[in-house]
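Below is one structure, written out as structure tokens, with a few remarks after it.
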Number of protein chains: 4
Amino acid sequence: MNEKRERTKQQILAAAIDVFHENGFQRTRISDIVAKAGVAQGTFYLHFQSKEQIFHHICSEFKVLFLSLLDDAADLFTGASIEAIREKLFVFIRELITLFTANYKMARLLFVEGNSNGGQFNGVYENIYAEFIERIGKHLLNGKNRGYLAFEDAETAATFLIGLFDSSLFYFMRVKNHFNIDKLSRRMTDFMLNGLSR
Amino acid sequence: MNEKRERTKQQILAAAIDVFHENGFQRTRISDIVAKAGVAQGTFYLHFQSKEQIFHHICSEFKVLFLSLLDDAADLFTGASIEAIREKLFVFIRELITLFTANYKMARLLFVEGNSNGGQFNGVYENIYAEFIERIGKHLLNGKNRGYLAFEDAETAATFLIGLFDSSLFYFMRVKNHFNIDKLSRRMTDFMLNGLSR
Amino acid sequence: MNEKRERTKQQILAAAIDVFHENGFQRTRISDIVAKAGVAQGTFYLHFQSKEQIFHHICSEFKVLFLSLLDDAADLFTGASIEAIREKLFVFIRELITLFTANYKMARLLFVEGNSNGGQFNGVYENIYAEFIERIGKHLLNGKNRGYLAFEDAETAATFLIGLFDSSLFYFMRVKNHFNIDKLSRRMTDFMLNGLSR
Amino acid sequence: MNEKRERTKQQILAAAIDVFHENGFQRTRISDIVAKAGVAQGTFYLHFQSKEQIFHHICSEFKVLFLSLLDDAADLFTGASIEAIREKLFVFIRELITLFTANYKMARLLFVEGNSNGGQFNGVYENIYAEFIERIGKHLLNGKNRGYLAFEDAETAATFLIGLFDSSLFYFMRVKNHFNIDKLSRRMTDFMLNGLSR
DNA sequence: TATGAATGAGTTTTCATTCAT
DNA sequence: AATGAATGAAAACTCATTCAT
């Protein structure tokens with residue numbers, strides 16, 4: 001019984017991600033979600049309180065995945081040599097890209113849809129973006145202190161890296177059906193490390 | 001007479017930019033716009049055909065400003081020396097940032113709001129973004145051919161530059177009340193050129 | 001087994017009386033009733049056919065108690081002396097008030113909730129009210145024929161007595177936490193008999 | 001223009017009184033009101049905020065009429081003789097009955113519908129009922145002090161009078177198509193004054 | 001040209017009732 | 001007999017757009 005309930009909830013979630021991605025938050029109707037999920041209108045409200053709430057739920061789900069990846073990157077820009085650092089950064093970026101591509105729709109909901117819409121979901125977005133920048137900024141300082149990196153201001157540098165990462169990644173995911181993750185990760189890594197060298 | 005009409009239209013446009021920026025496209029009501037503009041509900045439709053149309057109008061207005069700047073940058077990455085290129089790039093970026101900050105709300109409507117919302121305005125956005133990438137990509141090839149720049153794929157490199165530019169610029173405009181345009185332009189220029197060096 | 005079933009039904013009934021009284025018929029949800037009764041949603045429909053039906057059931061339950069009291073009052077206003085009549089009336093009124101206070105919520109559902117709500121339950125209410133007036137009217141005629149009472153029209157007089165009784169009793173039950181039943185019965189009796197004297 | 005707006009509002013109000021009276025508050029739909037008023041659904045919301053609000057509005061309208069009648073009765077039970085008092089009371093009751101019959105539907109909404117519905121509108125009802133009782137109670141004390149009336153407790157006596165008045169009046173208005181206002185007023189007056197004599 | 005009252009289609013949400021377990 | 005998940009019809013309310021003045 002409980003298992004079936006959970007299955008229904010997952011159906012609704014999956015359908016919601018799809019139609020939110022397709023039509024945007026505002027333009028998707030609950031009726032779109034339930035139609036795609038194959039359940040009745042009222043069933044939606046057994047599992048979620050409102051359209052807003054399910055959107056938050058989806059964003060939070062991706063946020064957890066994303067932040068756990070950030071946690072694993074604690075010693076980014078800390079290594080025995082610039083080549084060791086390059087390798088670590090490459091692995092990290094590849095993991096990030098893999099996460100984003102595997103959850104493209106969710107990622108886009110949080111990072112793009114969440115960023116617009118006149119403040120309605122800016123809380124979630126700004127919160128996670130600030131976290132992203134702060135952590136990368138800290139790691140960058142490590143690299144600078146060890147003499148591997150050169151930049152004037154950590155926040156600015158972090159913003160450059162992250163901006164480059166998210167904006168171009170979403171571009172590729174949007175316009176290319178498939179792209180070589182390894183190659184893109186490598187190019188990003190090189191561009192970033194070059195950008196932060198003297 | 002005609003002058004008064006024009007003034008009314010400008011009032012509506014200015015109000016629309018404000019409330020679109022504040023509440024997002026979907027959540028702004030025509031009644032919000034006309035209230036802020038100080039005109040009657042019906043007056044809106046004497047000047048614009050629909051909510052969609054005024055949004056497009058605003059985006060187009062910024063698009064014109066933006067593309068004319070791009071036109072001026074025809075010989076970007078073409079110069080007598082790397083330092084000459086650096087200076088040209090710096091000037092170009094500073095002009096871009098100046099344009100974006102002077103028209104922050106319009107810029108954000110086009111680049112952020114236009115990017116989300118499930119395809120409703122993706123036409124405008126994707127169109128201008130593609131143009132941006134294509135032109136920068138061409139300029140980059142010039143720079144590569146002359147031996148000033150090193151990268152494997154022009155589209156990828158252009159995407160990096162533009163992603164870095166727009167994503168981080170919007171971040172600064174959103175979270176900082178004021179920031180030093182010169183300094184930011186300089187740092188971006190350096191980061192970009194370093195990123196594109198061997 | 002059958003005993004347990006009956007207990008469940010009583011739980012639902014008790015809960016229904018409470019929440020109907022608290023929120024009114026329309027505003028109580030079946031989910032409120034079952035929540036208070038501590039049973040599942042579906043269980044309600046094993047015992048009652050609908051929300052209307054349980055409301056009717058409750059009203060009928062009180063109606064039975066009420067009419068049996070009326071039956072006992074067959075020889076009201078029939079007595080050896082005005083003082084004997086006064087005593088009989090006093091006892092009758094006291095019994096009525098006792099019944100109403102002991103079943104305040106049910107009484108209010110029938111007499112107040114049943115009187116409003118645009119005809120939905122007016123059948124039950126009007127039926128019992130008409131019965132009330134008719135019987136009291138008949139008793140009053142007895143009293144008049146024997147020369148104990150004076151009034152022009154029995155229906156009018158009965159309406160006065162009953163109106164006075166029900167309206168003021170509900171007022172006291174609503175605004176006073178406790179009140180002296182004996183005293184109120186005595187005052188009502190005196191007021192009524194005085195009102196019906198020359 | 002403004003006049004037409006007002007006319008529309010009055011149409012909606014009249015329709016609302018009708019359908020509230022016919023179906024009760026909960027069971028009337030906005031669509032019923034606007035259908036009867038001959039306007040569109042949205043027009044309702046140009047004039048009233050919600051179903052609750054228009055109900056309050058209607059009750060308040062009657063409340064004003066009612067309280068102004070109460071104001072005029074300041075010297076009730078104050079007179080040169082019991083017969084003078086009887087005449088004053090008769091006039092007052094006749095005015096009240098006239099007001100109630102002329103505005104039967106509104107009166108019933110406030111005094112009956114407002115009394116039930118599980119507390120949703122009890123505020124309005126209880127407020128006006130308490131006012132009624134308090135004022136009549138004060139007048140009664142005057143009559144008692146001058147030796148014209150006899151009763152133990154003014155609140156109880158007032159409650160009797162008012163209960164008799166409202167409950168029986170609504171009964172007559174409900175079951176009789178027409179009734180003689182003068183005759184009913186006279187009978188009520190006599191019953192009340194007799195009821196309050198030794 | 002400007003006004004603002006009116007329109008009515010469209011969407012969310014609620015909740016009595018059903019039914020598989 | 002009891003459960004509680006699922007249903008879907010019904011209703012309030014919003015708001016872009018129209019149109020008479």
Side-chain angles (χ1 to χ4, degrees), chain A residues 1-9 12 26-34 37-52, chain B residues 1-2 4-9 26-35 38-54, chain C residues 1-2 4-9 26-35 38-54, chain D residues 1-9 12 26-34 37-52:
Chain A
M1 193 78 142
N2 220 316
E3 195 183 308
K4 193 181 170 219
R5 182 182 159 86
E6 185 57 28
R7 213 181 320 135
T8 301
K9 184 172 183 175
I12 294 172
Q26 298 281 1
R27 299 182 355 130
T28 90
R29 287 162 269 145
I30 301 295
S31 62
D32 296 332
I33 297 176
V34 296
V39 299
Q41 191 90 349
T43 306
F44 177 90
Y45 291 92
L46 290 178
H47 297 278
F48 303 97
Q49 284 151 33
S50 65
K51 209 169 73 158
E52 274 77 16
Chain B
M1 195 64 141
N2 218 316
K4 174 136 186 267
R5 179 180 159 84
E6 185 56 27
R7 213 180 320 133
T8 302
K9 183 171 184 177
Q26 298 280 1
R27 293 173 11 121
T28 89
R29 287 164 263 149
I30 300 295
S31 64
D32 295 334
I33 296 175
V34 295
V39 300
Q41 192 92 349
T43 306
F44 178 90
Y45 290 90
L46 294 178
H47 296 278
F48 302 97
Q49 285 151 35
S50 66
K51 205 169 82 156
E52 273 78 14
Q53 195 252 316
I54 195 177
Chain C
M1 195 64 140
N2 218 315
K4 175 138 184 266
R5 178 179 160 83
E6 185 57 27
R7 214 181 318 135
T8 302
K9 184 172 182 175
Q26 298 280 1
R27 296 176 5 125
T28 89
R29 288 163 264 149
I30 300 295
S31 63
D32 295 333
I33 296 176
V34 295
V39 300
Q41 192 92 349
T43 306
F44 178 90
Y45 289 90
L46 294 177
H47 297 277
F48 302 96
Q49 285 151 34
S50 66
K51 205 169 82 156
E52 274 78 15
Q53 195 251 316
I54 195 176
Chain D
M1 193 78 141
N2 220 316
E3 194 183 309
K4 191 179 171 221
R5 183 182 159 86
E6 185 57 27
R7 213 180 320 135
T8 302
K9 185 172 182 177
I12 294 172
Q26 297 281 0
R27 298 182 356 132
T28 89
R29 287 161 269 145
I30 300 295
S31 64
D32 297 332
I33 297 176
V34 295
V39 298
Q41 190 93 349
T43 305
F44 177 90
Y45 291 93
L46 290 179
H47 297 278
F48 303 96
Q49 285 151 34
S50 65
K51 209 168 72 156
E52 274 77 14

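The structure displayed is predicted, hence computed values, not measured ones. Just so we're on the same page: letters track the sequence lines, and every chain starts at 1.
- A distance of 7.5 Å separates CD1 in I30(C) from CD in Q41(C), rounded to the nearest 0.5 Å.
- Atom CG in N2(C) sits about 15 Å away from atom C1' in dA2(F), given to the nearest Å.
- If you take CD1 on I54(B) and CD on E52(B), they are separated by 11.5 Å, rounding to the nearest 0.5 Å.
- Listed nucleotides: dA6(E), dT3(F), dT7(E). Nearest to the side chain of R5(D): dA6(E).
- Mapping R29(B) and F44(C) onto DNA chain F by nearest heavy atom places F44(C) closer to the 5' end of the strand.
- Heavy-atom nearest nucleotides on DNA chain F were determined for S50(D) and for T28(B), and the one closer to the 5' end corresponds to S50(D).
- Rounded to whole Å, the distance from CG on D32(A) to C1' on dT12(E) is 13 Å.
- One finds the CZ atom of R7(A) at 11.5 Å from the CG atom of N2(A) (value rounded to the nearest 0.5 Å).
- Between T8(D) and dA6(E), a side-chain N or O to OP1/OP2 separation shorter than 4.0 Å is present.
- Going from atom CZ of R5(D) over to atom CG of L46(D) covers 6.5 Å, rounded to the nearest 0.5 Å.
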Taking only nitrogen or oxygen atoms into account, show me every contact under 3.5 Å that the protein makes with nucleotides 18-21 of chain E, one pair per line with its distance.
none

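- Here the shortest heavy-atom pairing between I33(D) and I12(D) reads CG2-O, 3.8 Å.
- Following rounding to the nearest Å, F48(C) (CZ) and dA1(F) (C1') show an atom-to-atom distance of 15 Å.
- Rounding to whole angstrom units, CD of residue E3(D) and P of dG4(E) are separated by 17 Å.
- Close to dT12(E), at under 4.0 Å from its OP1 or OP2, lies a side-chain N or O of K51(A).
- The side chain of T43(D) contributes an N or O atom lying less than 4.0 Å from OP1 or OP2 of dT7(E).
- Within the 4.0 angstrom heavy-atom criterion, only backbone atoms of the sugar-phosphate kind lie near I30(D); the bases stay farther away.
- Residues R29(C) and K51(C) fail the side-chain proximity criterion, which asks for heavy atoms closer than 4.5 Å.
- Remark: H47(A) is in phosphate contact with dA6(F), judged by side-chain N or O atoms under 4.0 Å from OP1 or OP2.
- Within a 6.0 Å radius of CD in Q49(B), other residues, nucleotides and ligands contribute 12 heavy atoms or fewer.
- Here dA16(E) presents its P atom at 12 Å from CD of Q26(D), a figure rounded to the nearest Å.
- Rounded to an integer number of Å, the gap from R27(C) CZ to dT14(E) C1' is 14 Å.
- Using a 4.5 Å heavy-atom threshold, the side chains of V34(D) and T43(D) count as separate.
- Taking every side-chain heavy atom of L46(C) into account, dA2(F) is the closest of dT1(E), dA2(F), dA6(F).
- For DNA chain E, runs of at least 3 consecutive pairs of the Watson-Crick or G-U wobble type, with both hydrogen-bonding distances under 3.5 angstrom, map to E:2-21 with F:2-21.
- Rounded to a whole Å, the NZ atom of K4(A) is 19 Å from the P atom of dT3(F).
- Atom-to-atom distance recorded for F44(B):CZ and S31(B):OG is 11.0 Å, nearest 0.5 angstrom.
- As rounded to whole Å, 14 Å separates atom C1' of dA1(F) from atom CD of E6(C).
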